[in-house]
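Order of the sequence lines fixes the chain letters, A, B, ..., with proteins taken first and strands second; residue numbering starts at 1 for each chain. Nothing here was measured: the structure is a model prediction, and the numbers come from that model.
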Amino acid sequence: MAVSRLLNDLNDPQHQAVTSLSQHLLVLAGAGSGKTRVLAHRIAWLIETTQISPWSIIAVTFTNKTAREMRGRIETLLHLDTQSMWIGTFHSLSHRLLRRHWQEAGLSQQFQILDNEDQLGFLKRICKQLQLDENLWPVRQFQNFINNSKDAGLQPQDIDVQGSDQLANQVQVYQAYQTACERGALVDFGELLLRSHKLWLQRPDILQHYQNRFQHLLVDEFQDTNTIQYAWLRTLAGSSCSVTVVGDDDQSIYSWRGARIENIQQFSQDFKHGEIIRLEQNYRSTETILKAANGLIKHNNGRLGKSLWTEDQSGEPISIYAGFNEQDEARFIVEQIHRWESAGNLRSEAAILYRSNAQSRVLEEALIRSSKPYRIYGGQRFYDRLEIRNALAYMRLVNNRYDDAAIERIINIPTRGIGVRTLDVIRQNARTEGSSLWQAAQGIIISSALPARAHNALHGFLNLIEQMATATAQMQLDELTDYIIRVSGLIKHHSKEKGEKAQTRIENLNELVSAAKTFASTWSPAQLNRQLDEEADERPETALAAMLDQAALDSGEQQADESEDSVQLMTLHSAKGLEFPLVFMAGLEEGLFPHQLSLVADGRLEEERRLCYVGITRAMQKLIITYAEARRLHGQDTMNRPSRFISELPQELIEEVRLKSSVRRPLSYRPAVSNPTDRRSQRTNLMETPVLALGQSVRHAMFGEGTVIDAEGSGPRARVQVQFDSQGSKWLVLSHAKLELI
DNA sequence: AAGATAGTCGTTTTT
DNA sequence: CGACTATCTT
């Protein structure tokens, strides 16, 4: 029967984890130990052997992407439609809950999700109203405070402000923000969790319902759960549910947003009768890479203890390259990728990982210069683009007139004569009436409180939105989108931008239309409720509302052109869970990685080290670490020491790729071309000591004349790269190629 | 009210 | 360095 298929190819601990009958299970799974596989197989096994309904399983993943993968795996394993299963992130599951119980949760049915950027804009406005000096009270600080509070499960009234003016002030802003959110029917990320948890606590009947339903609760990336998430799952689990959590304390890299590794220990205490299984065999990396990872992470204290091993061969040493500056670093990386390709490998097998997004620019430029396609993960996501956010704001208003964040964004985009002056009047009225901006604006029109010109402009705007709503009511989602971007004037507005911007903006807007089409084709109003779940909502959600939710919640990891073979660029954080044959870790400098800010707060350095551990363990075959001796950052030149993490690696695993000092500097930094004596000595010693200068003209018997553009290694392995006048550029081993200086 | 220009500011990671 | 604001001009 199919059960054996689920258990084939599993090693002993994996097998145990998949088939464990303990009520609770904690799987400590090292990097590359087949964690996701175990989770998927366990779910499949539970369904297959214990005859429980897929319906009674709830699985929580860290990202939407992982959730999709999980569904895919289960569908492959069992040929089963996973639509009825609750698989998703804490946020998306909470959201689903709130959509269903909006009334009991005290929400408007039209509630919309407020993402980070809108949240910040919102807070800016609130701070202005409260007349807080922005230099004294940076808005971002309030944003962090609010989000951290929510992650910790704290609402304004839960915070004791005794004796701290600062705290009192922050709570005041928090409170004002909450009020504003309620008025606009807006729910931020933290609120999704907070509210759904509160719903359960306040409505035991609803909680009971879900506790009856879910017999198995599984959690991936458990080390990254925060306080409210842990409380959430503990509440849901109740006493009879079976709970499986999978995690790796060494890969906890999100404490800055409230993740608590301690939850792992907490789990053992709270969920008695639990079994603990360790997955330590790694199927991903060479022995060298694993030794490096183990060697590094040893420097952390208070680990649960876990040591990866492999049956794989030792593999290539870890290369370390010291770039002269960040340009040189990038150039080196691109060159290595070129070599990798020349050896018959795919570009897409190579990944460049870095600590912060700002580093990607130089790398991109180098890749563009050598016309290598690349793909950036994270970074600016589709739904984050200005023009897309504008379009979505219109759509949000059509969906929910009270969405203050949306009004603020587009009330005067394209410019339609509603300036700050008018806007201030609206805000003022909204504040005194305690109403939304939309209502306030309507009131102003009715009472004709504005000068004629502004009055007409505002009236026109209100009519425009209402007219859009009416006109699109019966439209398909993609028609609606197309209608809105045209009638709003966004297309015209963005096409007026100068440079190439206009073109891409329009392309993106059109892309949004096709995204809407795709979304509509995979979405049906019944999907969430009717057939698959026991309760049907009276009124199904509209496709528009569903798309807006998705845009906020899953800001588009589904990148378009995966077809082209391209180099992968991403931050170390977004690399978690992925693997690549060839991995570069760039910018390993003190101050950059570990990051400056991590050196002050305690505990942060260890997290940086774990981040480095995550980076190392992404590599399957070859790991190349680079740093720059000088780096231009924020327009300032800085000299950084190599990262301490480099010296924490077992030195015997490392091979330093240092260029000879005479050739390692870029041409512009070199003194003028060598004098005749030098040249003579170079010619005589060419075979033994490769002291070729970059920029040196040479002749090759077969390829003709060219210029030395790069060099590396020494002795018999010394090689130079020559840009030939007619044959392109080639790497030549000096001891073989008979190069003549000219 | 809109657009242009100058001047200031902060610089991590993201569901 | 570049994003964002405040201020100036039209």
field: C:dC4 and B:dT13, which share atom name P, separated by this distance in whole Å
entry: 15 Å
- prompt: Would you call A:Asp224 and A:Arg257 a salt bridge, taking side-chain N to carboxylate O under 4.0 Å as the test?
  reply: no
Per A:Thr422 side chain, nearest of listed nucleotides B:dA1, B:dT15, B:dT14: B:dA1
Donor-acceptor pair present, A:Arg257 side chain and B:dT13 base, under 3.5 Å: no
- request: Return the value, rounded to whole Å, for the distance between atom CZ of A:Arg632 and atom P of C:dC1.
  value: 5 Å
query: Under a 4.0 Å N-O cut-off, is there an ion pair linking A:Glu117 with A:Arg409?
result: yes
Pair A:Arg389 + A:Asp115: basic N to acidic O under 4.0 Å: yes
Test: A:Arg609 cationic atom under 6.0 Å from A:Tyr613 six-membered ring centre, within 45° of axis: no
message: Does A:Arg421 reach a base, just sugar-phosphate, or nothing at all? Heavy atoms under 4.0 Å.
response: sugar-phosphate
- request: Measure from the side chain of A:Thr89, starting at C-beta and using heavy atoms only, and say which of B:dG3, B:dT13, B:dT15 lies closest.
  value: B:dT15
- request: With DNA chain B as reference, determine whether A:Arg140 or A:Phe90 sits nearer its 5' end, using the nearest nucleotide of each.
  value: A:Arg140
- prompt: Does A:Thr571 place a side-chain N or O at less than 4.0 Å from the phosphate oxygens OP1/OP2 of B:dT14?
  reply: yes
task: Give A:Arg604 one of three labels, base, sugar-phosphate or nothing, depending on what nucleic acid heavy atoms sit under 4.0 Å from its own.
output: nothing
- prompt: Do the side chain of A:Asn116 and the base of B:dT15 come within less than 3.5 angstrom through a donor-acceptor pair of N or O atoms?
  reply: yes
Length of the CG-C1' vector between A:Asn456 and B:dA1, whole Å: 15 Å
query: A:Lys150 near the nucleic acid: base, sugar-phosphate alone, or nothing, with a heavy-atom cut-off under 4.0 Å?
result: nothing
message: Counting only side-chain heavy atoms from C-beta out, which of B:dT15, B:dT14, B:dT13 sits nearest to A:Ser574?
response: B:dT14
query: If we require ring centres under 5.5 Å and near-parallel planes under 30°, does A:Trp256 stack on B:dT12?
result: no
- prompt: Rounded to the Å, how far apart are A:His493 NE2 and B:dA2 C1'?
  reply: 12 Å
- prompt: To the side chain of A:Thr415, which of C:dT5, B:dG3, B:dT14 is closest?
  reply: B:dG3
field: Nearest-nucleotide pick for A:Lys124, side chain only, options being B:dT12, C:dC4, B:dT15
entry: C:dC4
- prompt: Can you tell me if the side-chain N/O atoms of A:Asn412 get under 4.0 Å from OP1 or OP2 in B:dA2?
  reply: yes
query: Hey, does A:Phe62 reach any base, or is it just sugar-phosphate, or nothing, if we go heavy atoms under 4.0 Å?
result: sugar-phosphate
- line: Rounded to whole Å, the CD-P distance (A:Glu117 to B:dT15) equals 15 Å
message: Nearest whole Å is fine: how far is B:dT15 C1' from A:Tyr383 OH?
response: 16 Å
message: I need the CZ-P distance between A:Arg361 and C:dC1, as an integer number of Å.
response: 11 Å
task: Report yes if at least one side-chain N or O of A:Asn147 is closer than 4.0 Å to OP1 or OP2 of B:dT14; otherwise report no.
output: no
- prompt: Relative to A:Tyr394, does A:Arg396 satisfy both conditions: NZ or CZ under 6.0 angstrom from the six-membered ring centre, and within 45 degrees of the ring's axis?
  reply: no
- line: Separation of B:dT14 atom P from A:Asp151 atom CG, nearest Å, is 15 Å
Verdict with reasoning, A:Arg610 to A:Asp248, per salt bridge (Lys or Arg N to Asp or Glu O under 4.0 Å): CA-CA 10 Å; A:Arg610 290 194 292 269; A:Asp248 180 1; over 6 Å; no
query: Out of B:dT11, B:dT12, B:dT13, which has the shortest distance to the side chain of A:His595?
result: B:dT12
query: What's the CD1-P distance between A:Ile426 and B:dA1, to the nearest Å?
result: 11 Å
